[in-house]
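The basis for the numbers below is simple: all heavy atoms, side chains too, and nothing from hydrogens, waters or symmetry mates. Bear in mind the structure is a predicted one, so any value in this text is a computation, not a measurement.
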Amino acid sequence: MGALNSIPGCLSLQDYPSIGHLAQVLSEANIQPIFAVTGPRLPIYEELSRLIPKSAVGELKEDSSNVVQLIADAYSVQFTVRVKATACLPRPQEVAFRVPGVGEELHVQLTTACECQCGDSQPHAHHCSRGHGNLTCGVCSCQEGYVGQLCECKKEDLGNLESSCRDMNYTGPVCSGKGQCVCGKCQCNSHASGPFCQCDDTSCERHNGQLCAAPTVNERWCQKKTGDGSLLIYFIEKDETGSISITVKDKTGSSKQTMKLILGLVVGLVAGLGLLLIGLYRGLIEIYDRQEFSHFKKECERAQWNEVNNPLFRSATTTTFNPKYNED
């Protein structure tokens, strides 16, 4: 400040930088300020640090013996980065990571594994029912005595589980002869569906070799009756990457939506009927008033009041004759 005072007219042009300006300059220069202050001034600089991004505050001992440790703690940076690839990269890509206040950069080369590494086998994989099989190229190879897609069933229990793959009212083969019973559940062939593979698409109509869709609810949603007799409402779409997703409509949400629609219609009907009755009542009152007024006007026109012959009429003018008055 003394140097500024020594320059004529400088005080009217220059001033101390604001905190916002200081924070901007430090950020552009990639500088991390460290405030090493004693205990009494620590709260003041903690408030100041909240206004300057990436600044650090540390309590300095009286003999300044911990100044090196304060700097080391401020520059000790640990961070975690998660990168998700939405598509296969044609070639390796290099990504640079930089922490504000640190001059160094971390360069990482990214590649995508778009093909399964089938040569790498994971023995006793947790994915295969917690170690009942080896995981090879995403498929469980079950150990002796275990079967199933995830090695979740024992062979000795297959006889008892076959009853779960047959309808209670059906005495034919398991899974209606159109699939395999695996761990008490039917794995249907490509053309069959249903909990017991009882539905067959081969008898459905086709157009240009394509299976006809189910009846549509609207321009997006389709509906189909399931094996248990309930109604399944679903929507099939294909995104830009070619992935196909199926969205199933919640029955509870549909029921609630239907109830809301019915309730809204009932409330609207009651409100509309009430307004109609009020309007009808007002119209009848208006017609009655008009008739009464017309009748009153006609009565007034019929009544011919004669002020002279009316015994109730008293004129406001009084005439008095003077007997001594002679007009001649």
Side-chain angles (χ1 to χ4, degrees), residues 1-138 150 241:
M1 190 67 180
L4 293 178
N5 291 333
S6 63
I7 302 176
C10 186
L11 288 177
S12 61
L13 300 177
Q14 303 291 335
D15 195 1
Y16 286 110
S18 63
I19 298 177
H21 187 200
L22 180 63
Q24 180 182 358
V25 173
L26 292 173
S27 178
E28 291 176 353
N30 196 25
I31 297 176
Q32 180 185 8
I34 303 174
F35 301 107
V37 296
T38 56
R41 298 183 180 273
L42 188 63
I44 300 176
Y45 281 89
E46 286 179 346
E47 293 293 331
L48 177 62
S49 178
R50 293 188 179 96
L51 303 176
I52 301 178
K54 298 302 178 182
S55 61
V57 181
E59 184 177 358
L60 185 66
K61 294 182 178 180
E62 294 295 336
D63 57 355
S64 301
S65 59
N66 64 330
V67 63
V68 177
Q69 185 62 37
L70 292 177
I71 297 175
D73 294 340
Y75 281 96
S76 178
V77 180
Q78 295 182 358
F79 58 91
T80 302
V81 178
R82 297 182 183 273
V83 181
K84 181 180 180 181
T86 58
C88 294
L89 299 176
R91 56 185 177 275
Q93 300 286 336
E94 187 174 277
V95 180
F97 297 96
R98 189 186 68 174
V99 179
V102 179
E104 299 178 353
E105 292 183 350
L106 175 64
H107 293 263
V108 179
Q109 192 176 57
L110 301 177
T111 58
T112 53
C114 295
E115 296 181 359
C116 185
Q117 305 296 327
C118 296
D120 298 335
S121 179
Q122 183 180 355
H124 306 286
H126 183 80
H127 177 72
C128 301
S129 299
R130 299 183 178 181
H132 292 165
N134 302 331
L135 185 62
T136 304
C137 198
L150 300 177
T241 61

Inset, instruction - Can you sort out the partners of Val25 under side-chain contact (heavy atoms from CB on, under 4.5 Å), two or more places apart, ordered by chain and number? - result: His21
Legend entry - Contacts of Glu59 that satisfy side-chain contact (heavy atoms from CB on, under 4.5 Å) - sequence neighbours left out: Leu42
Legend entry - Which atom of Pro43 lies closest to which atom of Gly39, heavy atoms considered: CD-O, 3.7 Å
Legend entry - CZ-CD distance between Arg41 and Glu46, expressed to the nearest 0.5 angstrom: 14.0 Å
Inset, instruction - Would you check if Asn134 and Cys128 make a side-chain contact, meaning some heavy-atom pair closer than 4.5 Å? - result: no
Legend entry - side-chain contact (heavy atoms from CB on, under 4.5 Å) against Thr111, all qualifying residues, sequence neighbours excluded: Pro92
Legend entry - Residue pairs fulfilling disulfide bond (SG atoms under 2.5 Å apart) with at least one residue in residues 36-96, sequence neighbours excluded: Cys88-Cys114
Inset, instruction - Could you note down all residue pairs passing ring pair (Phe, Tyr, Trp, His ring centres under 6.0 Å) where residues 38-70 supplies at least one of them, sequence neighbours left out? - result: Phe35-Tyr45
Inset, instruction - Can you see which heavy atom on Lys61 is nearest to which on Ser65, and at what distance? - result: CD-OG, 3.6 Å
Inset, instruction - List in chain and number order the residues that pass side-chain contact (heavy atoms from CB on, under 4.5 Å) with Leu70, two or more places apart in sequence or in another chain; answer none if no residue qualifies. - result: Ala36, Leu60, Asn66
Legend entry - Check: Phe97 main-chain N/O paired with Glu105 side-chain donor or acceptor under 3.5 Å: no
Legend entry - Taking every non-hydrogen atom, the tightest pair across Leu110 and Val83: CD1-CG1, 3.9 Å
Legend entry - Heavy-atom side-chain proximity of Leu26 to Leu22 below 4.5 angstrom: yes
Inset, instruction - Using the test side chain to side chain donor-acceptor pair (under 3.5 Å), find all partners of Arg50 that sit at least two apart in sequence or belong to another chain. - result: Glu47
Inset, instruction - Output all residues satisfying side chain to side chain donor-acceptor pair (under 3.5 Å) with His127, sequence neighbours left out; order by chain, then residue number. - result: none
Inset, instruction - Find the distance between NZ (Lys54) and CD1 (Ile34) and round it off to the nearest 0.5 Å. - result: 13.5 Å
Inset, instruction - Can you measure from OG1 (Thr112) to CG (Leu89) and round to the nearest 0.5 angstrom? - result: 4.0 Å
Inset, instruction - Could you name each residue pair satisfying disulfide bond (SG atoms under 2.5 Å apart) that touches residues 17-84, not counting sequence neighbours? - result: none
Legend entry - Heavy atoms from other residues, nucleotides or ligands near CD of Glu62 exceed 12 (cutoff 6.0 Å): no
Inset, instruction - With sequence neighbours left out, write down each residue that passes side chain to side chain donor-acceptor pair (under 3.5 Å) with Ser55, or none if nothing qualifies. - result: Ser49
Legend entry - Rounded distance [0.5 Å steps], NE2 in His124 versus NE2 in His126: 14.5 Å
Inset, instruction - Please identify each residue that fulfils side chain to side chain donor-acceptor pair (under 3.5 Å) with Ser18, with sequence neighbours left out. - result: none
